[in-house]
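All values derive from a computational prediction rather than experimental measurement. Letters go in sequence order (proteins before strands), and every chain restarts at 1.
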Number of protein chains: 2
Amino acid sequence: MNKGRVTVIDIAHAAGVSKSTVSLVLQGSSLVNEATRAKVNAVIRELGYVYNRGAANLRQAKSKIVGIVVNDLTNSFFAELAVGVDMVVQSAGYVQFLSNTGESIDRQREVVASMREHGISGLIVSPARGTEAADFKSLTNAGIPVVIVVRNIPGAKVSSLVSDNFAGASAAVEHLAGLGHRRIAFMGGFANTAVFAERLGGYRDALAKAGIAFDDDLVVATAPSRAGGVEAVGRAMLLANKPTAAVCFNDAVAFGVCDGLRARRLEPGVDFAVVGFDDVIEAESAVPALTTVSVDPQGMGRRAAQLLLKQINSGKVEAEAIVSAVRLVVRQSCGAGLDTTARRVVS
Amino acid sequence: MNKGRVTVIDIAHAAGVSKSTVSLVLQGSSLVNEATRAKVNAVIRELGYVYNRGAANLRQAKSKIVGIVVNDLTNSFFAELAVGVDMVVQSAGYVQFLSNTGESIDRQREVVASMREHGISGLIVSPARGTEAADFKSLTNAGIPVVIVVRNIPGAKVSSLVSDNFAGASAAVEHLAGLGHRRIAFMGGFANTAVFAERLGGYRDALAKAGIAFDDDLVVATAPSRAGGVEAVGRAMLLANKPTAAVCFNDAVAFGVCDGLRARRLEPGVDFAVVGFDDVIEAESAVPALTTVSVDPQGMGRRAAQLLLKQINSGKVEAEAIVSAVRLVVRQSCGAGLDTTARRVVS
DNA sequence: GTGATTATTTGGAACGTTCCAAATTTTGTC
DNA sequence: GACAAAATTTGGAACGTTCCAAATAATCAC
């Protein structure tokens, strides 16, 4: 009725108290008498009051908003990561700005700036390729904590949470070697990324430990997508000395590899062993179920959010670098599928 | 330096003008002299000023924030939808709150309330199952436009954008019948949803038109996921009179059906025809490429966002119900794969 | 009942912006 | 150079909250 918006003052008026008291009630302060609290709450419900956080943020400092920007939301890995973040952020009473950069660094800059104007009190970012350490300088200078996930940025003075890519790839190779494979390919991924380098490093290391010579022909870099996987098998099968197994850059590539194998009348898990990386949700239900390095993207999202909230609350912005442990989940696609009850980790 | 935050007043001071002038510059007003504008902008850059939208919103009404809530972000369909929304929202200078409900109606209520407190000026929602028309009443009462996508809610006085489920399923059946199939199953999806009912309706209608008797055994409802697809083939293949083709509730189910077929040594597109629904991004690159009803989730997201922005800007909140046309994209999984150059629509 | 405690409540004064009406400067005309 | 018109600039007064210091009310001990 009056004007439009119902404000604390209207409530105060209707409840016969001062606006300060209403404010106290809103914040759940213990200073206020039980009877008045009840009355105020009743009036609040009655008038359909909605809290105006914008106004509140003007006085307070803590905004109950965090930002999360990912480089490719259409990739299940990042979608799950976002869901993980959402879960903890939501139950902490925060709300998240989420934006997709599509690997565009300009877009990333824009959305981060925009989020900042909107007053985020923290940022989780899976940086677009080519992001520099300086890009988050202004955030951290302003005391806004930043957590980088998935892809690390050398030299950035912010917290990071990445998975143990080296150990993961290494475990995959070790497992395949244990099954008797000698021609093990590394398929998919863009060669000029840190993640690629780390996983390839683990691959080479494990190869060496297993006494298998590294063969440059067996690493075939493609887009880290399903289509890239199809392409990768195609290229690998042109070799004179064909591989009999592959560790893939990620699960999307692995699925593509399976598709490509079948297009050649080879059955993954029978005629050729494939292991993925990430343990995306479909990995378990696919046929054959994908043997993969479990990164638990959702769990990673949750951990990232927890780390961020911790930093927001503690006020101190000291960088913390966490590398998250991974473990190989053996299912059917590697041909060792004895234990079909293997389940994904939910930490 | 001074306190912490740089404000318009600091800028005004440093530039030797009044705060009002700075404000004018910020808004790109044409009232201000070119020379002063330049000076002010220089100072802004120099002092590292960041605009405080929260404060601005206190005075203005339009908040440059929209909310989007989806029921399952881990489903590529919704992830792509969100990306589509993000694209247009971003380039309109807005920023989006995104939340995932995971089909929980309580969570949905919470996040919508929270978004509202944060001052969204519009909401796009793919409602959780069981959402009622009344749930958005308070939003619309406050003049905040709401656009419902994907799943319609009968009786809700808000705009909606859904795909033509009836026509899509119908086209799929017609196509399969045209290829000579008589035992066509309908696989996947929860039976008690509007979308299921619409698609099943299209299926039955097309069956009738093709002169094929409807067989209750051939509709096998399961979860609308990859695992559900696997389950569906399993059940269908137990029938005495087995199907030779299936139209699936969505692409996830269709992929599951392919998996299940292969687990039975049947090759999709050769021994059994499968057509999906949605045209998720992987549909094109999967092997065999999936014949599916193209819903173009990203395009739908874009359209929803455009519709919402239009309503926000025009100020009038009159509901508009759009049913988005779909078209069958014939690829390989239906066995008619002659034209391999079929491409997805990007409107 | 009195003074001291403790428990509640309460008016401003912020916070950083935008808006309005009015003031000032510049430009143009004769 | 005086006057009008146009262009530019500018002080408050909002916006809806939270804080603070201080006021008031309730309770206690004697």
Could you tell me the separation between the [atom1] atom of [X] and the [atom2] atom of [N], rounded to a whole number of Å?
X	N	atom1	atom2	value
Arg5(B)	dA14(C)	CZ	P	18 Å
Leu31(A)	dT24(D)	CG	P	19 Å
Ile9(B)	dT10(D)	CD1	P	13 Å
Lys64(B)	dT18(C)	NZ	P	13 Å
Asn33(A)	dA26(D)	CG	C1'	10 Å
Gln60(B)	dG16(C)	CD	C1'	12 Å
Ile11(A)	dT17(D)	CD1	C1'	13 Å
Asn57(B)	dT17(D)	CG	C1'	14 Å

Original post:
At their closest point, which heavy atom of Asn71(A) faces which heavy atom of Thr101(A), and how far apart are they?
Top reply: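 Smallest heavy-atom distance, with atoms named: CA-OG1, 3.2 Å.
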Original post:
Ala82(B) and Leu73(A): which non-hydrogen atoms are nearest, and at how many Å?
Top reply: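 Smallest heavy-atom distance, with atoms named: CB-CD2, 4.1 Å.
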Original post:
Among the nucleotides dG16(D), dT8(D), dT17(C), which one has an atom lying closest to any side-chain atom of Tyr51(B)?
Top reply: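 Nearest to the side-chain atoms of Tyr51(B), counting from C-beta on, is dT17(C).
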Subject >> Side chain of Ala56(B) (C-beta onward), nearest among dT17(D), dT18(C), dG16(C) >> reply: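 Of dT17(D), dT18(C), dG16(C), dT18(C) is nearest to the side chain of Ala56(B).
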**OP:** Mind listing the residues from residues 16-27 of chain A sitting with a heavy atom below 4.0 Å of DNA chain C? Number order is fine.
**Re:**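 The stretch gives Val17(A), Ser18(A), Lys19(A), Ser20(A), Thr21(A), Leu24(A) as the residues lying under 4.0 Å from the strand, ordered by number.
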Looking only at atom types and distance, does a side-chain atom of [X] sit under 3.5 Å from a main-chain N or O of [Y], one as donor and one as acceptor?
X	Y	result
Glu80(A)	Ile281(A)	yes
Asn41(A)	Ala38(A)	no
Asp135(A)	Glu132(A)	yes

Original post:
Is there a donor on the side chain of Arg59(A) or the base of dT17(D) sitting less than 3.5 Å from an acceptor on the other?
Top reply: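 Answer is no: no donor-acceptor pair is held.
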Original post:
Under 3.5 Å, is there a donor-acceptor pair linking the side chains of Ser18(B) and Thr21(B)?
Top reply: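 Yes, side-chain donor-acceptor contact under 3.5 Å.
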Original post:
Would you say the side-chain atoms of Arg151(A) and Thr193(A) include a donor-acceptor pair closer than 3.5 Å?
Top reply: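 No donor-acceptor contact under 3.5 Å links the two side chains.
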Original post:
Nearest nucleotide by nearest heavy atom, which residue falls closer to the 5' end of DNA chain D, Leu58(B) or Val32(B)?
Top reply: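 Final value for this comparison: Val32(B).
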